[in-house]
Enquirer: 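Provided herewith is a single structure, encoded as structure tokens, for subsequent inquiry.
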Amino acid sequence: MAGRYDAIVIGAGPAGEVAISRIAAGGMRVALLERELVGGECAYWACIPSKTLLRPPEVRAEAARAAGLDRPAEHWPALAAYRDFMIRNLDDSKQVEDYRGEGIDVYKGEGRITGPGSVQVGEETLSSERIIIATGSDPAIPPIDGLAEAGFWTNRQATTLSELPKSIVVLGGGPVGVELGQFFARFEVPVTLIHAEERLIPREEPAVGELLAAALEEEGVDLRLDAHAESVTRGPAGYRVGLSDGSEASASELLVATGRRARVGDLGLDSVGIAPGRNGIEVDERCRAADGIWAIGDVTGVMPFTHVGMYQGRIASADIAGEPARASYDAIPRVVFCDPEIAAVGLTSAQAREQGIALATSRIKLPEVLARPWTYEQDPRGELGLLADREREVLVGAWAVAPLAGEWIHQAALAIKTQIPLAVLRDTVAQFPTFSEAYLKGLEALEPAI
Ligand SMILES: Cc1cc2nc3c(=O)[nH]c(=O)nc-3n(C[C@H](O)[C@H](O)[C@H](O)COP(=O)(O)OP(=O)(O)OC[C@H]3O[C@@H](n4cnc5c(N)ncnc54)[C@H](O)[C@@H]3O)c2cc1C
């Protein structure tokens with residue numbers, strides 16, 4: 001019967017795409033609703049364009065650090081053209097066609113829940129006993145005097161730009177502000193980065209923010225930490241941002257990167273008795289939000305990462321298939337793709353203390369203990385921090401600020417997820433000379449020793 005489905009997914013970002021593909025593969029009749037582009041924020045305005053834009057300036061900086069090399073020249077138009085290819089020129093027609101070819105009904109329009117089991121999209125009313133909400137998040141815009149009137153960029157304008165700005169003020173020193181700020185700085189755009197807290201990337205260990213601040217300042221970023229933007233005006237000369245300490249910052253563009261907010265407005269949640277919490281739609285460990293309703297991805301506010309949304313897509317589809325799936329977020333890697341890369345997993349020391357865990361910790365400088373930083377570049381750098389539970393003798397957290405850290409953090413993720421005993425980790429051999437050898441050094445440096 002037209003309009004009646006085994007499952008309906010609202011939102012075709014990475015979370016919704018994983019869920020729909022898995023549910024359809026299980027033989028169910030499914031509908032996918034998308035009001036903008038199939039692929040979501042990640043594919044067009046977030047992960048994919050930002051990582052594409054960051055890589056060439058990273059290679060250029062790496063070349064300058066490698067012995068006997070000059071900096072390669074950069075060509076912005078060629079990079080912008082490659083970015084456009086990577087974001088499919090903001091065209092999802094092939095994705096829509098592919099899904100339809102797989103027997104998935106795609107509705108391009110805004111979905112709204114109108115009651116238990118019922119979803120409206122355009123003129124159509126669809127029904128299903130299983131509704132999966134995967135509507136993602138929007139930028140959270142702070143209530144700063146004059147900001148709305150002045151206008152500003154969000155990640156959308158910054159990741160799809162065709163001309164580099166003359167200068168830019170970035171509001172926010174979280175992952176998005178840091179990555180995009182470094183990208184602009186590396187294309188010789190003067191950058192002022194304003195951050196309300198004392199340290200950048202405040203969700204991580206204080207050492208991470210300190211190391212990052214030093215690296216960004218060395219590259220010429222004008223960092224204003226512990227500073228609140230209080231007013232914004234825009235005139236012919238560009239933006240002026242008034243700060244809480246009485247100083248000002250000015251630039252031709254202003255980028256707001258002050259966090260994300262779950263997309264729950266206009267979804268009709270009240271019609272099914274869901275009242276979203278402060279961070280989004282609250283879900284249980286099976287990603288259930290209410291009877292017959294699942295929520296996955298940024299809209300849940302659990303952890304705003306594509307890999308978390310995709311994981312929740314796997315959990316929800318497994319739950320729908322009747323499998324005993326339960327989500328656990330203890331060992332989710334958290335990477336900031338700046339240079340040097342930041343990677344972390346598990347608990348920070350503040351979180352471990354809150355949980356009453358007796359910690360042994362270490363913090364090592366990689367060039368002092370390893371060969372790899374020296375074979376990698378002539379001005380070697382990098383640090384690793386480990387946190388271990390002294391009673392259970394397992395790792396509970398790790399962080400690194402170092403080249404390729406986003407790749408080698410996964411050993412720590414596996415160790416934390418599976419609670420590998422420290423003795424086994426110490427008996428595990430890493431290839432010489434690699435950054436992965438840092439783990440043994442970090443384990444040997446734990447204090448108090450275990
Ligand atoms: C600049 C930037 C860089 C990032 N880089 C990374 C990174 O490197 N790695 C990483 O893991 N994460 C990164 N993130 C976070 C990542 O983009 C998000 O976690 C991810 O996109 C969330 O996926 P999602 O499917 O939950 O939502 P989204 O990707 O936001 O997709 C939700 C979809 O739902 C649609 N939708 C919304 N409401 C409706 C409705 N009512 N009806 C129909 N459709 C609707 C939207 O149009 C959208 O297409 C980055 C974020 C930003 C802003």
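Remember, it's a predicted structure, so these values are computed and weren't measured experimentally. Both counts, for ligands and for their atoms, begin at 1 and track the order of listing. Index from 1, following the sequence.
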Enquirer: Within the 4.0 Å heavy-atom shell around Phe337, which atoms of ligand 1 are there?
Expert: 8 (O)
Enquirer: Under 3.5 Å, is there a donor-acceptor pair between the Arg4 and Ser127 side chains?
Expert: yes
Enquirer: Salt bridge check, Asp339 against Arg65: does any charged N sit closer than 4.0 Å to a carboxylate O?
Expert: no
Enquirer: At what distance is the nearest protein heavy atom to atom 44 (N) of ligand 1, and which residue and atom is it?
Expert: Arg35 N, 3.2 Å
Enquirer: Starting from atom 26 (O) of ligand 1, find the nearest protein heavy-atom neighbour and note its residue, name and distance.
Expert: Asp298 N, 2.9 Å
Enquirer: Can you report which non-hydrogen protein atom sits closest to atom 52 (C) of ligand 1, along with the distance?
Expert: Ala46 CB, 3.3 Å
Enquirer: Among Arg381, Glu341, Arg372, Glu62, which residue meets the side-chain contact (heavy atoms from CB on, under 4.5 Å) test with Pro403?
Expert: Arg381
Enquirer: One thing to verify: whether Asp226 and Arg199 come together as a salt bridge, which I'm taking to mean a side-chain N less than 4.0 angstrom from a carboxylate O.
Expert: no
Enquirer: Any donor-acceptor pair under 3.5 Å linking the side-chain atoms of Gln157 with those of Thr154?
Expert: yes
Enquirer: Is Arg363 salt-bridged to Glu383, cutoff N-O under 4.0 Å?
Expert: yes
Enquirer: Give a yes-or-no answer on whether the side chains of Ser231 and Asp145 include a donor-acceptor pair shorter than 3.5 Å.
Expert: no
Enquirer: Look at Asp138 together with Arg260 and state whether they make a salt bridge at an N to O cut-off of under 4.0 Å.
Expert: no
Enquirer: Below 4.0 Å from any atom of ligand 1, is there a heavy atom belonging to Gly109?
Expert: yes
Enquirer: For ligand 1, is any non-hydrogen atom under 4.0 Å from Ala134's backbone (N, CA, C, O), its side chain (CB onward), both, or neither?
Expert: backbone
Enquirer: At less than 4.0 angstrom from any non-hydrogen atom of Gly40, what atoms of ligand 1 do you find?
Expert: 29 (O), 31 (O), 48 (C), 49 (O)
Enquirer: Verify the distance criterion only: is there a donor paired with an acceptor across the side chains of Glu282 and Thr300 at less than 3.5 Å?
Expert: no
Enquirer: What do you reckon, does His307 have a nitrogen or oxygen under 3.5 Å from a nitrogen or oxygen of ligand 1?
Expert: yes
Enquirer: Based purely on interatomic distance, does Pro14 place a nitrogen or oxygen under 3.5 Å from a nitrogen or oxygen of ligand 1?
Expert: yes
Enquirer: From the options Glu34, Gln312, Lys51, Arg260, select the one whose nearest heavy atom is closest to atom 46 (C) of ligand 1.
Expert: Glu34
Enquirer: Can a side-chain donor-acceptor contact be found between Gln411 and Ser436 if the only test is distance below 3.5 angstrom?
Expert: yes
Enquirer: Tyr99 and Glu17: side-chain donor and acceptor closer than 3.5 Å?
Expert: yes
Enquirer: Determine whether any heavy atom of Gly309 lies closer than 4.0 Å to an atom of ligand 1.
Expert: no
Enquirer: For ligand 1, which atoms have a heavy atom of Phe305 less than 4.0 angstrom away?
Expert: 11 (O), 12 (N), 19 (O)
Enquirer: Of the side chain and backbone of Arg263, name the one, both, or neither that has a heavy atom under 4.0 Å from an atom of ligand 1.
Expert: side chain
Enquirer: Of the protein's non-hydrogen atoms, which lies at the shortest distance from atom 27 (O) of ligand 1, and what is that distance?
Expert: Gly136 CA, 3.2 Å
Enquirer: Please identify which atoms of ligand 1 are closer than 4.0 Å to at least one heavy atom of Ser50.
Expert: 3 (C)
Enquirer: Identify, for atom 10 (C) of ligand 1, the protein heavy atom at the shortest distance, and state residue, atom and that distance.
Expert: Thr306 N, 3.5 Å
Enquirer: Is there a donor in the side chain of Thr114 and an acceptor in the side chain of Gln120, or the other way round, less than 3.5 Å apart?
Expert: no
Enquirer: Answer with side chain, backbone, both or neither: which part of Thr135 has a heavy atom less than 4.0 angstrom from an atom of ligand 1?
Expert: both
Enquirer: Measure from atom 6 (C) of ligand 1 to every heavy atom in Cys47, Gly268, Gly111 and give the option owning the shortest one.
Expert: Cys47
Enquirer: Provide the number and element of each atom of ligand 1 under 4.0 Å from a heavy atom of Glu36.
Expert: 47 (O)
Enquirer: List ligand 1 atoms under 4.0 Å from Gly297, heavy atoms only on the residue side.
Expert: 26 (O)
Enquirer: Examine Glu41 against ligand 1 and note whether any of their N/O atoms are separated by less than 3.5 Å.
Expert: yes
Enquirer: Under 4.0 Å from a heavy atom of Val176: which atoms of ligand 1 are those, numbered in the order shown and with their elements?
Expert: 1 (C), 2 (C), 52 (C), 53 (C)
Enquirer: Can you check which of Gly39, Pro304, Gly13, Gly11 brings a heavy atom nearest to atom 31 (O) of ligand 1?
Expert: Gly13
Enquirer: Is any side-chain N of the basic residue among Lys94 and Asp98 closer than 4.0 Å to the acidic one's carboxylate O?
Expert: yes
Enquirer: Among Cys42, Ser137, Ala158, which residue places a heavy atom closest to atom 21 (O) of ligand 1?
Expert: Cys42
Enquirer: Is the distance from the ring center of Phe305 to that of Tyr311 below 6.0 Å?
Expert: no
Enquirer: Hey, does Leu37 sit under 4.0 Å from ligand 1 if you only count heavy atoms?
Expert: yes
Enquirer: Could you verify whether a donor N or O on one side chain and an acceptor N or O on the other, from Tyr329 and Gln312, lie under 3.5 Å apart?
Expert: yes
Enquirer: Look at atom 25 (O) of ligand 1 and say which protein heavy atom is nearest, naming residue and atom and giving the distance to 0.1 Å.
Expert: Ala15 N, 3.0 Å
Enquirer: Do Arg263 and Glu41 sit within salt-bridge range, that is, some charged N less than 4.0 Å from a carboxylate O?
Expert: yes
Enquirer: Please identify which atoms of ligand 1 are closer than 4.0 Å to at least one heavy atom of Leu33.
Expert: 43 (C), 44 (N)
